[in-house]
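Predicted model, so just to flag it, every value in this text is computed and none were measured.
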Amino acid sequence: MSRIVGVVSGGIDSVTMAHHLAAEGHDLHLLAVDYGQRHRKELVFAAAAADRLGATYEEVDLGSVRNVMRGSSLTDPAVAVPRPGRPAWGNPNIVPNRNAVLLSVAFALAVSVQADAVAFGVMAEDVGPSDTSPEFLRLFLDMERAATKGSLAPDVELLAPLIELPKTGVVALGQKLGVPWEQTWTCFRGEDIHCGACAACVERRGAFADLGITDPMPYREPCTPR
C-alpha cells in the first residue's frame, strides 16, 4: 500500500482513477482545486467521491487565478463554451498550463502528508493540451523531484494510471469498479444539469453509447446521432 495524493475534479476520469486506486488498497488523499472554473460545481462531486471511498479530502481555493487564465471558456466569462468540432490548436476549452498549477499544489500536499506518489487522471484521448502529454508528466516529475529534494523520497512518483485508456476504456473500468455515474460531473457549462452539447458532454454520451451502458445523468439537449 502506498500513500497517494490523487487530483480529482469530480469528472468521470478522475473519479474512476480514485476508485481504481482505492480498489488497489492505497491510502488516498484526494485533492480538488477551485481555479475559478466555470463548472466549479464539479467540486461537489469530488468531495462526494472522497466521502464514498473513505479518503482524506482537501479542497484548495485558487479562484482568483482565473484572472490570469484569460481566453479560455472554462475560466473567462467573456468566452462562450462552444459546441464540439473546434481544432485543438487555440481550442477555447483548453486552459494552458492549468495542469502545471494543479500538480504543483498536489506536490505541496504530498510534502505535507509525506506521500509516495501523486496521481493524475489524464487519459489517452487528452491530446489537445500539451500539459497532459507523457513528456510533460515526465519532465514535471523531474522538476518536482528537484523541488522537493530532502522533503520527499527521491523516488516519489507521478502516476497516470488511465493514460493508455480511451474514454470508452475509462467508462468500462469505472463500470467494473462500480462508479456511481450520477455522482460525477462532466459539463463545461456548470449549469443545473448537463447541457448535452458541449465537447465534454458529447464525449461522455458517446462513450456510454458505444459501450451500451445507460448514462443516468439528465441532459438539457437530446442526444443526436454522431
Side-chain angles (χ1 to χ4, degrees), residues 5-22 28 30-53 55 57-60 62 72-75 81 84 91 93-95 98-99 101-103 105-106 118-129 131-132 159-211 213 215-220:
V5 171
V7 182
V8 290
S9 66
I12 281 179
D13 302 337
S14 63
V15 170
T16 296
M17 178 193 74
H19 275 256
H20 169 68
L21 294 172
L28 280 186
L30 298 185
L31 169 71
V33 179
D34 179 348
Y35 56 92
Q37 63 268 47
R38 185 189 300 261
H39 54 305
R40 65 173 56 87
K41 72 178 294 178
E42 66 181 1
L43 302 179
V44 173
F45 297 88
D51 183 64
R52 189 167 58 247
L53 296 172
Y57 180 70
E58 301 269 358
E59 189 172 305
V60 175
L62 298 180
S72 168
S73 66
L74 303 190
T75 52
V81 176
N91 188 330
N93 290 330
I94 291 174
V95 185
R98 176 192 61 179
N99 292 341
V101 174
L102 301 184
L103 286 171
V105 176
V118 167
F120 204 48
V122 295
M123 60 157 193
E125 292 165 351
D126 287 329
V127 294
D131 60 357
T132 61
L159 308 175
L162 309 182
I163 200 165
E164 296 183 354
L165 296 179
K167 182 65 78 173
T168 51
V170 174
V171 173
L173 174 61
Q175 188 77 0
K176 180 180 178 181
L177 293 169
V179 173
W181 301 120
E182 70 279 4
Q183 288 296 312
T184 60
W185 185 264
T186 297
C187 184
F188 286 152
R189 291 196 169 97
E191 298 171 346
D192 54 336
I193 64 173
H194 283 65
C195 74
C198 69
C201 282
V202 169
E203 181 186 50
R204 173 182 176 136
R205 296 175 92 167
F208 277 91
D210 287 346
L211 292 168
I213 297 172
D215 183 357
M217 297 301 289
Y219 291 91
R220 189 174 306 282

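Between atom CG of residue L30 and atom CD of residue E59 there is a gap of 12.0 Å, rounded to the nearest 0.5 Å. Interatomic distance, NE2 of H19 versus CG of L28, reported as 10.0 Å (0.5 Å rounding). Considering NE2 of H20 and OG of S14, their distance stands at 13.5 Å, rounded to 0.5 Å. Residue T184 holds its OG1 atom at 7.5 Å from CZ of F45, rounded to the nearest 0.5 Å. For the atom pair CZ (F120) and CG (L102), the distance works out to 5.5 Å, reported to the nearest 0.5 Å. A distance of 9.5 Å separates SG of C187 from CE of M217, quoted to the nearest 0.5 Å.
Checked for salt-bridge contact, D192 and K41 miss the test: no charged N lies under 4.0 Å from a carboxylate O. Salt bridge R205/D215: absent, no basic N to carboxylate O contact under 4.0 Å.
Nearest heavy-atom pair, C201 versus T186, reported as atom, atom and distance to 0.1 Å: N-CG2, 4.1 Å. The two residues V202 and A197 make their nearest non-hydrogen contact at CG2-O, 3.8 Å. Nearest approach of Y57 to A32, heavy atoms of both residues: OH-CB, 3.3 Å. Nearest heavy atom pair, residue M17 against residue G6, reads CE-CA, 4.2 Å. The nearest pair of heavy atoms linking A119 to L21 is CB-CD1, 3.7 Å. For C195 against C198, the heavy-atom pair with the smallest separation is SG-N, 3.2 Å.
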Practice prompt. For L162 and L173, run side-chain contact (heavy atoms from CB on, under 4.5 Å): C-alpha distance rounded to whole Å, both residues' side-chain angles, the deciding distance at 0.1 Å, then the answer.
Written response: CA-CA 10 Å; L162 309 182; L173 174 61; 3.8 Å; yes
Practice prompt. Take K167 and D13, measure what side-chain contact (heavy atoms from CB on, under 4.5 Å) needs, and give me the verdict at the end.
Written response: CA-CA 8 Å; K167 182 65 78 173; D13 302 337; 2.8 Å; yes
Worksheet item: What do the steps show when you test V15 against V8 for side-chain contact (heavy atoms from CB on, under 4.5 Å), and what is the final call?
Response: CA-CA 6 Å; V15 170; V8 290; 5.6 Å; no
Worksheet item: For L74 and F188, what are the C-alpha separation, side-chain angles and deciding distance, and is it a side-chain contact (heavy atoms from CB on, under 4.5 Å)?
Response: CA-CA 7 Å; L74 303 190; F188 286 152; 3.6 Å; yes
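R189 and S73 share no side-chain donor-acceptor pair at under 3.5 Å.
Here the side chains of Y35 and T75 are in contact, with some heavy-atom distance below 4.5 Å. Taking 4.5 Å as the limit, every side-chain heavy atom of Q175 sits out of range of all side-chain heavy atoms of L211. Annotation: side chain of V60 is in contact with side chain of L31 (closest heavy-atom distance under 4.5 Å). At least one side-chain heavy atom of L103 sits less than 4.5 Å from a side-chain heavy atom of V118. You'll find the side chain of R204 reaches within 4.5 Å of the side chain of I12, heavy atoms only.
Checked by atom type and distance alone, the side chain of D131 pairs as donor or acceptor with a backbone atom of N99 at under 3.5 Å. Counting only distance, with no hydrogens or angles, the side chain of Q37 and the backbone of V33 share a donor-acceptor pair below 3.5 Å.
The aromatic rings of W185 and H194 are tilted relative to each other, their planes meeting at an angle between 30° and 60°.
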